[in-house]
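Here's the structure, in structure tokens; my notes come after.
Just so we're on the same page: letters track the sequence lines, and every chain starts at 1.
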Amino acid sequence: MPLSKPKISALTTRLLIWYDQHGRDLPWRIKGGQKPDPYHVLVSEMMLQQTTVATVKNYYSKFLQQFPTVRALARAEVETVLQTWAGLGYYRRAKLLHACAQTLVTEHAALWPQTVEGLKKLPGLGAYTAGAMAAIAFHQPVAAVDGNVERVISRLHGLTQPPKDNIKKIAALTQALVPQKRAGDFAQALMDLGATVCTPRHPACGRCPWAAACVAHQKGLQEKIPAKVAKKKPRSCYARAYVLRDQHGKIYIEQRPHTGLLANMWALPMGPWEEEGYQHTPPIKAQWRRVEGQVSHIFTHLRLYVEVMEARISTPPQLNGQWLSAPALEKLGWPKLMQKIFHHWRQAA
DNA sequence: AAGACGTGGAA
DNA sequence: TTTCCAAGTCT
């Protein structure tokens, strides 16, 4: 049952008042009705996709220091961008962000589209990010429906289906709440409410500005809504990683394939990731010695066990990757899996 | 249109 | 240890 206009207006007002008092201070957030730099908003939104605020804080400033403007980002090599992104995960985002900057500069003369439809055409911007950009950066009165908002709105209206089965309805219900003024603050307020009050587990209804109107709260269903979807366990995979050193002690690394896990990231050579057992497929023939123990790493859909092999050679053959000294190696950014493998190897040595 | 795609922190 | 999940997008 849709809410009446006066009720919507009251909810919106109450949330904005709550936001003024309790909204979080975040590095990428501008308070007081100023328009933030759209590029800053984009960088933060891309980083925040499926990633916690605490984690993003460690990368956001560093990234902007390295690429201060959208033109600087567009000029940069994608490899440099991936380096700066290393450790943050979901590396496709870095490539998409880079492609977005290039598209904006080359096809839009560095002028931002300000509508959701225009923004959605840019690489990396889906329904959520386009809405967030339109509302936060351009003050368009549109909704930005992320996981927080799905949860808050599902509870407010007492929707018992899993949000993903209901996404159009949730989007419409959210849009109905968006004020003509302060749409950017409203979008961020709704997400803050979800992140700090209307949390997935044990929501703090006592502190919620919407508790009086919340159907889930009235029915005592706040812990049951939104409905949970069973998740599959990650399957296990096994692979070997190869630490190859030349006569100077330099280590051989290469780029991962451009698709799949850790795509385009620098990495040690690895054999295929198999579901039963470790295949021995070294980059070259040599006296390979197994390093004791193993490394385990969990991706979203994969649990990977890695055996580390090492060898020294005196005359390096022609290979496609790079040979790096230990200091140079440490200066590069690495995916966490590679950090673990290096650490394991150094400890055993 | 399910599944791929990283990582870290909390319970 | 395991499970959940955090400002999603792309294919």
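The distance from atom NE2 of A:H98 to atom C1' of C:dC10 is 19 Å, rounded to the nearest whole Å. Atom CG in A:L42 sits about 15 Å away from atom P in C:dG8, given to the nearest Å. Look at NE2 on A:H258: it is 17 Å from P on C:dC10, rounded to the nearest Å. With rounding to whole Å, A:L48 atom CG is found 8 Å from C:dG8 atom P.
Checked against side chain to side chain contact (heavy atoms under 4.5 Å, CB included), A:S9 has the following partners two or more places apart in sequence or in another chain: A:T13.
Under the side chain to side chain contact (heavy atoms under 4.5 Å, CB included) rule, A:L82 has a single partner from A:M265, A:E77, A:H98, which is A:M265.
Contacts between residues 74-86 of chain A and DNA chain B, defined by a heavy-atom separation under 4.0 Å, are absent. Residues of residues 113-132 of chain A that place a heavy atom closer than 4.0 Å to DNA chain C, in numerical order, are A:P123, A:G124, A:L125, A:G126, A:A127, A:Y128, A:T129. Taking every heavy atom of residues 223-236 of chain A and every atom of DNA chain C, pairs under 4.0 Å involve A:K228, A:K231, A:K233, by number.
Between the side chains of A:R155 and A:H217, no donor N or O sits under 3.5 Å from an acceptor N or O. Between the side chains of A:Y128 and A:E45, at least one donor-acceptor pair of N or O atoms lies under 3.5 Å. When only modelled atom types and interatomic distance are considered, A:R29 and A:Q188 share a side-chain donor-acceptor pair under 3.5 Å.
For NE2 of A:H343, the number of neighbouring non-hydrogen atoms (other residues, nucleotides, ligands) closer than 6.0 Å is 12 at most. For NZ of A:K95, the number of neighbouring non-hydrogen atoms (other residues, nucleotides, ligands) closer than 6.0 Å is greater than 12. No more than 12 heavy-atom neighbours from other residues, nucleotides or ligands sit within 6.0 angstrom of CD on A:Q287.
Across all strands shown, A:L26 has heavy atoms under 4.0 Å from base atoms, whether or not it also approaches the sugar-phosphate. In this structure, A:R151 reaches the sugar-phosphate backbone alone: every heavy-atom distance under 4.0 Å involves primed, P, OP1 or OP2 atoms, never a base.
The distance from atom CD1 of A:I225 to atom CD of A:E150, rounded to the nearest 0.5 Å, is 14.0 Å. Atom CG in A:L119 sits 9.5 Å away from atom CG in A:L104 (nearest 0.5 Å).
A:D20 and A:K31 are not joined by a salt bridge, as no carboxylate oxygen comes within less than 4.0 angstrom of a charged side-chain nitrogen.
Using C1' as the reference atom, C:dG8 and B:dA1 are 15 Å apart when rounded to the nearest Å. When the P atom is compared between B:dG6 and C:dT11, the two are found 14 Å apart, to the nearest whole Å. Only the P atoms considered, C:dA6 is 22 Å distant from B:dC5, to the nearest whole Å.
Taking hydrophobic clusters as Ile, Leu, Val, Met, Phe, Trp and Tyr residues chained together by side-chain heavy-atom distances below 4.5 Å, A:I167 does not share a cluster with A:V142.
Looking at A:S44, its side chain never comes within 3.5 Å of a backbone N or O of A:L42 through a donor-acceptor pair.
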>> For nucleotides 5-11 of chain B, give me one character per nucleotide, 5' to 3': B if any protein heavy atom sits under 4.0 Å from the base, S if the only such contacts are to the sugar-phosphate, - if neither.
In response: BBBS---

Report all side-chain donor-acceptor pairs from residues 290-305 of chain A shorter than 3.5 Å, counting only partners two or more places apart or in another chain.
unit_1	atom_1	unit_2	atom_2	d
A:R290	NH1	A:G293	O	3.0
A:Q294	OE1	A:Y278	OH	2.8
A:H297	ND1	A:K340	NZ	3.0

